Every structure is written in structure tokens, then in C-alpha cells.
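Here is the structure we will look at, set down as C-alpha cells.
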There are 2 protein chains.
Amino acid sequence: MISRGETTATILDVARRAGVSRTTVSRVLNEPDRVSPGTLQRVRAAVADLKYAPNTVARGLRSGRTGLVALLVGDISQPFHGALAQAVAAAAEARGLGVILYDLGHSRTRLQDVLNKLPGQGVDGIIIATADDISAPKIRAALAHCLESHIAVVTGMELFDDDAVAAVNFDPAAGSRLAVEALAEAGKHAPALLVGDAASPLARHLARGAPTALLVEAGYSFDGAGRAARELPREVDSVIAATLPMAIGAWNALAGEGRDLPLILCEDTPLAAHVRPSFTTVAIAPETLGAEMVRLVSLPAQADPPPVLNPELVRRETF
Amino acid sequence: MISRGETTATILDVARRAGVSRTTVSRVLNEPDRVSPGTLQRVRAAVADLKYAPNTVARGLRSGRTGLVALLVGDISQPFHGALAQAVAAAAEARGLGVILYDLGHSRTRLQDVLNKLPGQGVDGIIIATADDISAPKIRAALAHCLESHIAVVTGMELFDDDAVAAVNFDPAAGSRLAVEALAEAGKHAPALLVGDAASPLARHLARGAPTALLVEAGYSFDGAGRAARELPREVDSVIAATLPMAIGAWNALAGEGRDLPLILCEDTPLAAHVRPSFTTVAIAPETLGAEMVRLVSLPAQADPPPVLNPELVRRETF
DNA sequence: ACTGCATGTACCTGTAGCGCT
DNA sequence: CAGCGCTACAGGTACATGCAG
């Protein structure tokens with residue numbers, strides 16, 4: 001049924017068919033203003049006839065831009081990262097960019113390996129969408145090499161102070177602060193803050209916004225959060241959780257013990273609204289984050305500072 | 001991208017430093033057996049000295065292989081697709097391949113657009129991990145074009161009978177059959193089968209394995225499944241659901257009406273085990289599926305037929 | 001003539017810079 | 001200057017050839 005045989009058309013085929021040179025075809029594609037209407041039309045007809053699509057590999061070799069962006073996520077199987085990847089893919093598509101996916105599994109050595117490999121891969125930009133600590137010297141060195149190779153680098157939050165690396169202007173502390181305030185208004189003054197890795201920048205940011213909260217490290221898993229929740233001191237009267245799986249794990253563990261503490265989740269994902277119970281969140285929509293990351297990565301290095309993104313409190317069943 | 005003469009060495013720099021020709025350096029990298037031990041060592045030393053990494057764009061242009069595989073998913077924000085993407089990324093990494101992510105949003109026209117673009121993108125393979133109908137003539141034509149361009153194509157299940165497109169040897173009907181049998185043993189003989197899109201191959205496969213079940217189309221969303229569940233006839237005594245969000249939506253809707261029907265979910269994802277209630281599944285682990293897809297896509301076209309993957313019943317709280 | 005190893009050169013497909021009309 | 005073409009690349013790999021033993 002599906003047959004093979006013909007080969008794909010090159011720019012030369014189009015040029016011959018339209019009776020022009022390769023250069024002219026190239027111009028029709030890249031600078032149409034500089035081509036006369038007549039040739040424009042003939043070339044475009046030839047392009048359509050032959051179903052010509054420029055070979056991005058060849059283009060990349062000559063121009064130095066591949067139209068590819070690397071997306072580095074901590075763990076793509078987590079609901080939030082899935083939603084974020086979707087947003088990034090959509091925003092990238094809108095700008096004619098492709099997205100290469102790298103799942104880090106929260107591993108620092110893996111991050112380092114990937115960063116070392118990327119300059120040779122010919123990507124135009126790197127989006128680091130992990131909340132893990134990436135300040136190790138070897139990682140900094142790898143990042144520096146990427147920047148030397150003129151690859152734009154963007155992080156999802158302020159991971160370290162370095163002007164060369166753009167960061168989305170979103171402070172997780174604003175979210176945890178909002179959560180603490182909302183809980184306080186409801187008379188809850190002793191929240192626990194459940195984070196995956198206490199040493200991670202995300203955890204430190206969240207803790208900064210919730211200085212009164214009891215910081216608890218629970219790993220990123222359901223079970224870890226469940227165990228941590230069961231060991232929460234009696235005086236803890238509410239919970240702020242970093243990720244949805246952790247929130248679910250903690251909630252189920254507490255419910256199993258008959259403890260019904262209000263809980264606020266610090267990330268937004270469609271699932272949070274639809275699981276039972278649905279989770280109250282303070283967060284930024286993944287769509288917003290993804291779009292902003294892609295915008296930053298495709299921007300010239302020293303552009304105006306990114307706009308501040310403020311998290312929003314969405315009340316649902318857990319608080 | 002990579003600027004010349006500064007930080008990034010080319011194969012010519014290595015060749016000069018080692019006192020050999022470019023060809024020899026190339027061979028050291030690609031066919032080390034064909035190089036004498038002495039030169040091998042000298043060239044490798046030069047490579048290390050200059051921290052040389054081959055430019056994959058240039059390599060791709062000449063060799064026609066880029067080491068990139070396109071992963072087309074129906075909706076990456078769905079938990080199952082996230083887990084699958086993770087598995088695919090891991091398996092690809094193990095074979096030295098990169099993964100370009102395309103989110104289709106269950107749109108046929110989007111699939112068509114992507115397939116039309118891929119031959120020019122220089123990908124070596126395409127993994128179609130959607131369960132949607134892809135048999136439209138225009139899509140077939142686009143697929144044919146990909147195959148003509150010597151791009152390997154793999155689907156996650158039998159989407160149509162075509163030898164040129166490899167498919168994972170997994171029959172969803174085996175899963176739904178298993179589900180029906182398990183329910184029957186428990187005295188449940190009138191299950192409803194909740195699918196996202198009744199016209200999709202997945203739905204048809206599942207229906208084939210569960211001919212006695214009432215087929216209900218619910219869209220892929222929580223809410224759609226909830227509405228569909230509320231309208232289930234009284235005689236329905238159990239539910240088989242295609243996706244986790246649908247299972248959650250249906251379960252919550254039924255619970256809201258005090259109806260407590262046993263439910264079996266036909267896809268596996270970590271979340272299924274950890275939400276409350278945890279969902280009984282008949283499925284194949286995403287890791288297995290992902291690994292198999294990558295294996296098939298990196299195989300020569302007419303290799304031996306893929307091994308049969310059999311779904312497994314995992315009992316949890318919903319049945 | 002056959003082997004083992006290295007070299008030379010023609011590509012792969014576009015785009016940049018400059019030149020011509 | 002507008003409109004288009006020529007040619008030299010970009011950085012590798014395929015293939016044919018060269019040259020010892």
C-alpha cells in the first residue's frame with residue numbers, strides 16, 4: 001500500500017523547475033521581499049509541485065541555527081512536567097522551533113553529561129526546567145561551554161545569580177507566602193512544608209516564603225511523602241506540598257490516620273483539579289511558564305528583563 | 001551557534017594536531033578497528049586535548065543519519081503519555097539517540113502537518129504513540145513520503161495493516177478480554193467500556209476484546225467521562241476505562257451518585273497506583289512499551305517480527 | 001595480486017558575500 | 001538600486017585510490 005522509491009526534492013530540483021538559481025529559491029524562502037513578484041510565484045509553484053521542504057540539517061550546517069531547543073526536565077512522568085512540556089512544545093511550535101526532550105531523572109551527573117553533549121548537538125537553546133540544584137562546579141563549567149558556543153540558556157526560576165543565564169521571573173517564595181497567609185487567615189499557624197529535596201533551590205525558595213513552616217524533606221515520591229506525613233508532629237495543623245504526587249501521598253497518609261489537615265499544593269496541573277479530593281493550589285499555569293521560557297530562549301541575550309509572574313491561589317477541596 | 005577558531009575544534013584541527021588526514025580522524029571515531037594502534041592513540045590524544053566533539057549537524061548532512069527520533073504523542077499532559085515519553089527517552093538515550101517531542105493534541109490535521117514536515121527535519125525515525133485514527137488518505141500519503149525518505153516508522157499498536165510501518169506487537173483486545181473475564185468471575189456480566197473516541201483504533205481493539213460490553217464514547221477528559229458515567233444505564237454493573245483521567249472522572253461521578261461499580265483501567269501509569277482510590281489495571285508497563293518502540297524504530301526495516309507483549313492484570317482498590 | 005592502512009577528493013544541501021546586468 | 005546568479009564555504013563521511021609489504 002505504502003510505496004517507496006522516489007527521493008525527496010532538494011533546492012536544486014526546485015530551482016531547475018522554476019528556471020532560477022538555488023540562491024533565488026533560498027531567497028524566496030527566507031527574504032521574499034527581495035524577489036520580484038513574478039519569480040516569487042513561479043518558485044512557489046515549483047515548491048508546491050515538488051512538495052519541497054528545506055532540509056533543516058543542511059540549513060543548520062551553513063547558518064549555524066538548527067531551530068532546535070533542548071528541554072531538560074527533572075522527571076517527565078510527573079504530571080506537572082508533562083503539562084509544562086506540552087506548553088513548551090506548543091510555544092516552540094508557534095515560533096517554528098523543535099523540542100528535544102531530555103529526562104534527567106533528578107540526576108546531577110546526568111544533567112552534566114547532557115550539558116556537555118549539547119554544544120555538539122547543534123541546539124540553539126537550552127531550557128532547564130528542573131528545580132534541582134545545578135550549582136556544582138562541573139555543571140557550571142558545562143553551562144559556560146554552552147554559552148561560549150552561543151547557545152541561549154534559560155531556567156524556570158532563579159537557580160543561581162548569573163546574568164548570562166536568563167531565568168523566568170517567577171519567585172516560588174511568592175507562592176508559599178500566599179499559602180501561609182491564606183492558611184493564617186483560616187487560623188492555621190503551624191503549617192508543614194513538604195519538599196522533595198531540601199537542598200534544591202525550589203525548596204529554599206519555598207522555605208523563604210514560608211519561614212514559619214516546618215520544613216520536611218520527603219523525596220519526590222508518593223510513598224516518601226506518605227511516610228513523612230505520618231511522622232508530622234501533632235502541633236502541625238496544615239500542609240504545603242511542592243508537587244502533586246507528594247500532595248496525594250501526604251493526603252492519603254493523613255486521611256488513613258483520620259487526620260484531615262488543610263493542604264495547599266505549590267504547582268499547577270490539570271490533574272490537581274480532578275483527582276479526589278481536588279487540590280487547592282498556589283501556582284502559575286504551566287502554559288504561562290512554558291510560553292515564557294520559550295520566549296526567553298529565543299530572545300537575544302541582553303533583552304529587557306522578563307516580566308514578573310505572580311502565582312495565584314485557586315481554592316478547591318483540600319483547603 | 002558554534003563560532004570558529006575559539007572554543008570549538010573541528011575535525012581538521014584534530015587532524016593537524018595528530019599529523020593525519022581528516023579521513024583518518026573520522027575513522028578513529030567510526031571504525032576504530034580499521035586504524036593501526038599507533039595512529040589510534042595519537043588521534044585520541046588530540047581529540048582529548050582539544051576536547052573535540054564531532055558536529056552532529058555536519059555529520060547528519062553527509063551521512064543522512066542524525067541520531068534523532070521524533071516522538072509523536074496524542075497528549076503529553078496525560079499521565080500515561082508522560083510515563084511513555086520517559087521510557088522512550090531512556091531507551092533512546094541508551095542507544096545514543098535523541099528524542100524530538102511533538103504533541104498532537106489528538107488533532108489529525110496536526111499529525112498530518114508534522115508528518116509532512118519530518119522528512120525535511122532529518123529525523124531517522126518516527127514513533128507514533130497515539131491511539132487515534134491515522135488512516136486518512138492524506139496522512140497515509142504523508143507517511144508514504146516519510147518512508148520514501150528512508151525514515152523508519154513505528155506505531156504503538158496495530159493502526160492499520162501495512163508491512164512498511166512496524167507496530168509493537170501488543171493487542172489491546174487482549175487487555176479488555178482479560179478485564180471482561182476477571183469481571184465475569186466476580187459475577188459482573190454487564191460492563192460498560194469507556195473510550196475517548198469510538199472511531200479510534202484503540203477503541204475498536206478494546207471493543208473487539210470486550211464484545212459483550214456497552215461501548216460508550218466519552219471524550220478523553222475527566223468531565224466527559226463523568227457525564228458519560230452518570231448516563232450509564234442501570235443494568236451496567238461494571239466499568240472498563242481507557243485512560244486514567246477518564247477512569248478518575250467516571251469513578252468520581254459514580255461515587256457522587258452513590259454508585260460503586262468495579263472499574264478496570266486499560267493503561268498503566270505510576271499514578272494509577274497512588275491516587276485514591278487506586279485503580280486496578282490491565283496493561284503493559286510504559287517502560288516495556290517505550291523500550292520496544294525504540295528497539296523497533298532503530299532496527300532494519302525487514303527484521304524478525306516483534307515479540308508479543310501480553311497485558312497483565314494488577315488488582316488494586318477499584319476492583 | 002592481495003592486504004592493511006592512510007590519503008585525496010567529491011560530495012551532502014543549503015546560505016553568505018559579492019558580482020553582474 | 002532592484003533582481004538575480006556564481007562561487008565559496010559550513011564540517012563531516014563515502015568512495016576510489018595510493019602505497020607499502
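Remember, it's a predicted structure, so these values are computed and weren't measured experimentally.
Against DNA chain C, the stretch residues 25-50 of chain A makes heavy-atom approaches under 4.0 Å through S26(A), N30(A).
At a cut-off of 3.5 angstrom, the base of dG8(C) holds at least one donor-acceptor pair with the side chain of T23(B).
For R16(B) and dG8(C), the CZ to P distance is 13 Å, given to the nearest whole Å. Rounded to a whole Å, the CD1 atom of I11(A) is 13 Å from the C1' atom of dA16(C).
Here the OG1 atom belonging to T24(B) is positioned 13.5 Å from the CZ atom belonging to R34(B), to the nearest 0.5 angstrom.
Dense packing is recorded around CZ of R42(B), with more than 12 heavy atoms of other residues, nucleotides or ligands lying under 6.0 Å away.
Taking the charged nitrogens against the carboxylate oxygens, R17(B) and D49(B) do have a contact shorter than 4.0 Å, which makes a salt bridge. Salt-bridge annotation for D113(B) and R110(B): absent, with no side-chain N of the basic residue lying under 4.0 Å from a carboxylate O of the acidic one.
Residue contacts for V20(A): at a heavy-atom cut-off of 4.0 Å it reaches the sugar-phosphate backbone alone, with no base atom in range.
When V168(A), L84(A), L72(A), V297(A) are each tested for a side-chain contact (heavy atoms from CB on, under 4.5 Å) with I127(A), only one passes: V297(A).
Among dG5(D), dA6(C), dT13(D), the nucleotide with an atom closest to any side-chain atom of R59(B) is dT13(D).
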Hey, what are the protein-to-nucleotides 10-12 of chain C N/O distances that come in under 3.5 Å?
unit_1  : atom_1 : unit_2 : atom_2 : d
dC11(C) : O2     : R62(B) : NH1    : 2.4
dC12(C) : O2     : R62(B) : N      : 3.4

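Contact check, Y52(A) against dT13(C): no side-chain N or O comes under 4.0 Å of OP1 or OP2.
Using modelled atom types and a 3.5 Å distance limit, the side chains of D75(A) and H81(A) yield no donor-acceptor pair.
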